[in-house]
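Encoded as structure tokens, the structure appears first; notes follow it.
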Amino acid sequence: EAQVTQNPRYLITVTGKKLTVTCSQNMNHEYMSWYRQDPGLGLRQIYYSMNVEVTDKGDVPEGYKVSRKEKRNFPLILESPSPNQTSLYFCASSQKPGGGGNSPLHFGNGTRLTVT
Amino acid sequence: AQSVSQHNHHVILSEAASLELGCNYSYGGTVNLFWYVQYPGQHLQLLLKYFSGDPLVKGIKGFEAEFIKSKFSFNLRKPSVQWSDTAEYFCAVRSTGFQKLVFGTGTRLLVSP
């Protein structure tokens with residue numbers, strides 16, 4: 001089954017404790033992206049990747065890191081989480097950037113992060 | 001920079017009522033347009049999309065949307081909503097130049113039985 005898998009689904013942590021949210025897709029998509037969803041703000045892009053070893057900042061990259069060493073994986077790293085990073089995070093992938101062509105974005109099930 | 005506006009943040013309807021959710025975007029070039037739906041506790045799923053051709057697009061579950069280029073709009077419609085349509089709906093725009101998908105802030109729809 002074609003899917004984007006994120007882990008964990010829920011995470012509670014404390015300020016400053018490094019964490020990684022994993023994302024993996026099995027569709028051989030070149031484009032992957034991370035979004036955060038906050039009430040009243042919709043989805044905002046954190047980072048995206050056009051292909052292996054090619055990553056770039058989205059609209060709200062501060063406090064986040066990503067890597068794309070393999071095509072299928074695109075982990076999101078919070079080196080020193082802060083309470084303002086409490087949010088719902090979604091990973092997404094598509095064959096073309098931003099869901100172009102006939103390949104719309106496929107989303108993972110989300111990771112709800114709470115930073116105390 | 002491109003932006004997307006969804007004017008209704010919360011909509012409450014009774015079953016069988018008609019639905020129209022507004023979406024306007026600000027970008028003068030060629031765009032691809034999308035509506036995504038997020039059911040409670042779930043991830044976003046594609047409802048429908050417009051790339052070119054007939055500006056009236058039909059999607060899943062009886063939804064449709066009309067692209068009006070002169071108004072920079074892509075409103076979502078459904079003639080008769082059901083309780084199961086309770087969800088949050090996101091309009092998204094992708095400019096073919098920037099190749100970036102920008103989402104609106106979402107509209108929460110509550111359908112009462």
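Here is how names work: the chains are called A, B, and so on, in the same order as the sequence lines, proteins then strands, and each is numbered from 1. Just so it is clear, the values below take in all heavy atoms, side chains as well, and ignore hydrogens, waters and symmetry mates.
Residues B:Ile60 and B:Val57 are members of one and the same hydrophobic cluster, defined by side-chain heavy-atom contacts under 4.5 angstrom among Ile, Leu, Val, Met, Phe, Trp and Tyr. Linking Ile, Leu, Val, Met, Phe, Trp and Tyr whenever their side-chain heavy atoms come within less than 4.5 Å puts A:Leu78 and A:Leu11 in one cluster. Placement of A:Tyr64 and A:Leu19 within a single hydrophobic cluster is found when ILVMFWY residues are connected by side-chain heavy-atom separations under 4.5 Å, directly or transitively. If you chain together hydrophobic residues whose side chains sit under 4.5 Å apart, B:Ile12 and B:Leu19 never meet in one group. Criterion: ILVMFWY side-chain heavy atoms under 4.5 Å apart, direct or through other members. Under it, A:Val60 and A:Val21 are part of a common hydrophobic cluster.
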* Apply side chain to side chain contact (heavy atoms under 4.5 Å, CB included) to B:Leu101 and A:Leu105, showing your working. => CA-CA 9 Å; B:Leu101 191 64; A:Leu105 277 177; 3.2 Å; yes
* Asked: Could you walk me through whether A:Gln37 and B:Phe90 pass the side chain to side chain contact (heavy atoms under 4.5 Å, CB included) check?
  -> CA-CA 11 Å; A:Gln37 182 180 9; B:Phe90 292 92; 3.2 Å; yes
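By number of non-hydrogen pairs under 4.5 angstrom with chain B, the leading residue of A:Gly58, A:Gly42, A:Gly110 is A:Gly42.
One finds the CD atom of B:Gln38 at 4.5 Å from the CZ atom of A:Phe90 (value rounded to the nearest 0.5 Å). The line from CD of A:Gln45 to CZ of B:Phe103 is 9.0 Å long, rounded to the nearest 0.5 Å.
Residue A:Tyr48 does not touch chain B at all, counting heavy-atom pairs closer than 4.5 Å. Residue B:Gln45 does not touch chain A at all, counting heavy-atom pairs closer than 4.5 Å. Both the backbone and the side chain of A:Leu43 come within contact range of chain B, with heavy atoms under 4.5 Å apart. Contacts of B:Leu44 with chain A are made by both backbone and side-chain atoms, with heavy-atom separations under 4.5 Å. For B:Gln6, no part lies near chain A; criterion is any non-hydrogen pair under 4.5 Å.
Closest approach of B:Lys49 and A:Pro104 over heavy atoms only: NZ-CD, 4.3 Å.
In this structure, A:Ile12 places its CD1 atom where only 12 or fewer heavy-atom neighbours from other residues, nucleotides or ligands lie under 6.0 Å away. Atom CZ of A:Arg112 has 12 or fewer heavy atoms from other residues, nucleotides or ligands within 6.0 Å. By the 6.0 Å contact criterion, CG on B:Leu56 is enclosed, its count of non-hydrogen atoms from other residues, nucleotides or ligands being greater than 12.
Side chain of B:Arg94 to main chain of A:Pro97: a donor-acceptor pair is present (N/O by atom type, distance under 3.5 Å, no hydrogens or angles).
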